[in-house]
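Quick note: residue numbers are just sequence positions, from 1.
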Amino acid sequence: MTLISGPAKPVLGKSNNYPRSVANRIGADPARVILEVGGGQGPQHLVTELAGEIAGGRSEVSRPTRSGVIPDG
């Protein structure tokens, strides 16, 4: 019997801190990373929170990034 699909090996490795792993992959070393739940008000919540950090002088720049994650089990 030939399997057409099944568990794939993580060719880029596994992560226990996905936002930090993405930052490292692009050569960034942010002071803070956030993993927000997907959907609903998540995107607007992040924009509001990050804008508040910049407006309050606690951050100079922000880089929100979105990606899809497939759960491991």
Under the side-chain contact (heavy atoms from CB on, under 4.5 Å) criterion, do Ile34 and Leu50 qualify, and how do the steps go? CA-CA 10 Å; Ile34 304 168; Leu50 297 172; 4.0 Å; yes
How long is the straight-line distance from CD of Glu49 back to CD of Glu36, given to the nearest 0.5 Å? 7.5 Å
Arg20 to Asp29 - nearest heavy-atom pair and separation: NH1-OD1, 4.1 Å
Hey, are the side chains of Val61 and Glu53 touching, using non-hydrogen atoms and a 4.5 Å cut-off? no
